[in-house]
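Here's the structure, in structure tokens; my notes come after.
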Amino acid sequence: MADESDDTPTDSILDSLYDAVTAGDADTSVESTRSGLEAGMDPLTLLFDAMIPALEEVGRLFETGEIFLPELLISARAMPASMELIRPHLADQSSARVGVFVMGTVAGDIHDIGKNLCNVMLEGAGFEVIDLGVNVPAANFVAAINEHHPDVVGISAFLTTTMPEVETTIDAITEAGVRHDTRIIIGGAPVTQEYADQIGADGYAPNAVSAVRTVKSLLGI
Ligand code: B12
């Protein structure tokens with residue numbers, strides 16, 4: 001981290017947000033996010049230059065065994081409140097509703113930070129997002145398609161052990177005969193374009209920014 005004496009107010013907000021998420025300090029994370037927004041900072045800068053790098057660092061420490069699951073969980077919990085503060089600022093940027101998007105994390109999987117980030121970006125791009133949450137059985141995706149008639153369905157998986165559920169979910173949607181008016185896009189840490197092609201998804205995106213781009217291109221927007 002840079003010498004604090006050289007810090008601009010913006011740098012110090014980013015530093016304190018990064019440190020708060022890394023330490024799992026939700027109160028300071030919210031406080032720094034609020035200060036950043038009040039100082040007129042771009043909400044995406046707060047997200048991509050502080051919160052995500054902090055979580056990546058925590059993920060790295062977990063993978064190298066320098067921290068354990070409880071610390072990881074505490075850090076992961078520091079993010080949602082800050083993301084809630086950012087959400088309305090992104091949504092403000094859009095005017096017309098461009099489509100309906102149903103999103104969920106597959107059965108057996110409770111990772112939702114990446115999914116939620118996609119949701120925030122899609123809302124910001126003008127989509128109505130219906131979030132089914134985590135640990136969503138294939139049948140619930142089918143029910144949501146029947147109820148909401150989405151233009152696109154997003155399926156998220158973060159574990160190699162839950163990745164096969166993505167295929168199970170796509171098969172259930174196809175077998176229920178509700179796929180004709182709906183495109184399916186998939187994502188999550190272990191998911192790849194190759195896997196998407198293999199299981200018959202219409203699209204894949206490695207991150208929230210390209211998710212918006214891919215969803216729009218699937219719809220010809
Ligand atoms: C945070 C975290 C957790 C948190 C989750 C909190 C939450 N609310 O999400 C907690 C602590 C609960 C957790 C639990 C577990 N975790 Co975990 N976790 C992580 C960690 C560190 C970060 C994941 C994350 O949120 N990253 C931040 C987001 C922003 O990541 P992202 O991938 O960049 O997201 C983008 C894309 O994936 C994409 N995307 C995501 N979803 C979608 C959907 C669509 C449609 C599209 C288009 C795109 C898209 O867009 C996102 C935004 O840009 C990863 C490590 C890692 N490096 O990924 C491990 C990791 C995923 N976890 C792992 C494991 C093993 C577990 C546990 C089994 C641990 C345990 N022993 O209990 C449990 C499983 C619980 C369960 N049943 O799901 C492993 C998985 C290994 C594997 N190969 O399967 C990882 C890789 C860590 C590791 N190396 O060991 N975990």
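Values below: all heavy atoms of this structure, side chains included; hydrogens, waters and symmetry mates excluded. For ligands, and for the atoms within them, numbers begin at 1 and follow the listed sequence.
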I'd like to know if the side chain of Glu71 and the backbone of Phe68 have a donor-acceptor N/O pair within less than 3.5 Å. yes
Heavy-atom nearest neighbour in the protein, as seen from atom 84 (O) of ligand 1, with distance rounded to 0.1 Å: Thr160 N, 2.8 Å
Kindly indicate whether atom 39 (N) of ligand 1 is approached by any protein heavy atom to under 4.0 angstrom. yes
Where does Met103 meet ligand 1, judged by heavy-atom distances below 4.0 Å: at the side chain, the backbone, both, or neither? side chain
At a 4.0 Å threshold, what atoms of ligand 1 neighbour a non-hydrogen atom of Pro206? 35 (C), 36 (C), 38 (C)
Considering only non-hydrogen protein atoms, determine which one is nearest to atom 79 (C) of ligand 1 and report residue, atom name and distance to 0.1 Å. Leu159 CD2, 4.2 Å
Smallest separation among heavy atoms of Glu167 and Ile199, with atom names: CD-CG2, 3.7 Å
Could you check atom 25 (O) of ligand 1 against the protein and tell me its nearest heavy-atom contact, residue, atom and distance included? Ile113 CB, 3.4 Å
Looking only at non-hydrogen atoms, the one of His111, Met163, Glu56 nearest atom 19 (C) of ligand 1 is His111
Hydrophobic clusters here meaning ILVMFWY residues chained together by side-chain heavy-atom distances under 4.5 Å, can you tell me if Val209 and Val191 are in one? no
Which side-chain N or O atoms in residues 214-221 pair as donor and acceptor under 3.5 Å with protein atoms at least two apart or in another chain?
from   : atom 1 : to     : atom 2 : distance (Å)
Thr214 : OG1    : Ser210 : O      : 2.7
Ser217 : OG     : Thr214 : O      : 3.3

Subset of ligand 1 atoms that lie under 4.0 Å from at least one heavy atom of Ala208: 50 (O), 52 (C), 53 (O)
Indicate yes or no for a side-chain donor-acceptor contact from Tyr195 to the backbone of Met163 under 3.5 Å, with no hydrogens or angles considered. yes
Which protein non-hydrogen atom lies closest to atom 34 (O) of ligand 1, naming both residue and atom, and how far is it? Gly114 CA, 3.6 Å
Ligand 1 to Ile155, heavy atom cutoff 4.0 Å, flagged ligand atoms 43 (C), 45 (C)
Using salt bridge (Lys or Arg N to Asp or Glu O under 4.0 Å), reason through Glu84 and Arg87 one step at a time and then give a plain yes or no. CA-CA 5 Å; Glu84 280 310 309; Arg87 186 186 293 263; 3.2 Å; yes
Taking all atoms of both residues into account, what is the closest heavy-atom pair of Val134 and Asp109, and its distance? CB-O, 3.6 Å
Are Leu47 and Leu37 linked, directly or through intermediate hydrophobic residues, by side-chain heavy-atom contacts shorter than 4.5 Å (ILVMFWY only)? yes
With a 4.0 Å cut-off, strictly under, does atom 67 (C) of ligand 1 pick up any protein heavy atom? no
For the backbone of Thr22 and the side chain of Ser75, can you confirm whether one donor and one acceptor N or O come within less than 3.5 Å of each other? yes
Apply side chain to side chain contact (heavy atoms under 4.5 Å, CB included) to Met103 and Ile130, showing your working. CA-CA 6 Å; Met103 175 75 114; Ile130 294 139; over 6 Å; no
Donor-acceptor pair, side chain of Thr105 and main chain of His111, under 3.5 angstrom: yes
Heavy atoms only: give me the nearest Gly108-Leu159 pair and the separation to one decimal. O-CD1, 4.4 Å
For atom 12 (C) of ligand 1, find the nearest protein heavy atom and state the residue, atom name and distance (0.1 Å precision). Leu73 CD1, 3.6 Å
What protein heavy atom is closest to atom 32 (O) of ligand 1, reported as residue, atom name and distance in Å? Phe158 CE2, 3.4 Å
Looking at atom 90 (O) of ligand 1, what's its closest protein heavy atom, distance included? Phe62 CE2, 3.9 Å
Find all atoms of ligand 1 within a distance of less than 4.0 Å from any non-hydrogen atom belonging to Ala189, and give their numbers and elements. 37 (O)
Numbered atoms and elements of ligand 1 in range of Asp109, under 4.0 angstrom, heavy atoms: 78 (O)
Heavy atom of the protein closest to atom 41 (N) of ligand 1 (residue, atom name, distance): Ser156 OG, 2.8 Å
Backbone or side chain, does any N or O of Thr161 fall under 3.5 Å from an N or O of ligand 1? no
Report the member of Gly187, Gly203, Ala196 with the shortest heavy-atom distance to atom 44 (C) of ligand 1. Gly187
In ligand 1, which numbered atoms sit nearer than 4.0 Å to a non-hydrogen atom of Leu55? 25 (O), 26 (N), 27 (C)
So does Ser82 get a backbone contact from the side chain of Thr33, meaning a donor-acceptor N/O pair under 3.5 Å? no
Going by heavy-atom distance to atom 89 (N) of ligand 1, choose the closest among Glu71, Glu57, Glu63. Glu63
Show me which atoms of ligand 1 lie under 4.0 Å from any heavy atom of Leu69. 11 (C), 70 (C), 72 (O)
Establish whether atom 22 (C) of ligand 1 and some protein heavy atom are separated by less than 4.0 angstrom. no
Is there a protein heavy atom less than 4.0 Å away from atom 2 (C) of ligand 1? yes
Contact partition for Cys118 relative to ligand 1, non-hydrogen atoms under 4.0 Å: side chain
Are any side-chain N or O atoms of Asn140 and backbone N or O atoms of Val136, one a donor and one an acceptor, separated by less than 3.5 Å? no
Going by distance only, is there an N or O of Gly108 that falls short of 3.5 Å from an N or O of ligand 1? yes
So, 4.0 Å and heavy atoms of Met121: is ligand 1 close enough to count as a contact? no
Backbone, side chain, both or neither: what part of Ile110 comes under 4.0 angstrom of ligand 1, heavy atoms only? both
Can you hop from Val129 to Val153 via hydrophobic side chains spaced under 4.5 Å? no
Does the Thr182 side chain pair with the main chain of Arg179, one donor and one acceptor, at a distance under 3.5 Å? no
Atom of Glu165, atom of Ala107 and distance for their closest heavy-atom approach: CG-O, 3.6 Å
Per-atom contacts, ligand 1 versus Gly59 - under 4.0 Å to a heavy atom: 21 (C)
All heavy atoms of Ile74 vs all of Gly24, minimum pair found to be CG2-O, 3.4 Å
Heavy-atom contact check, 4.0 Å cutoff: does Gly188 meet ligand 1? yes
Any protein heavy atom at under 4.0 Å, with atom 5 (C) of ligand 1 as the reference point? yes
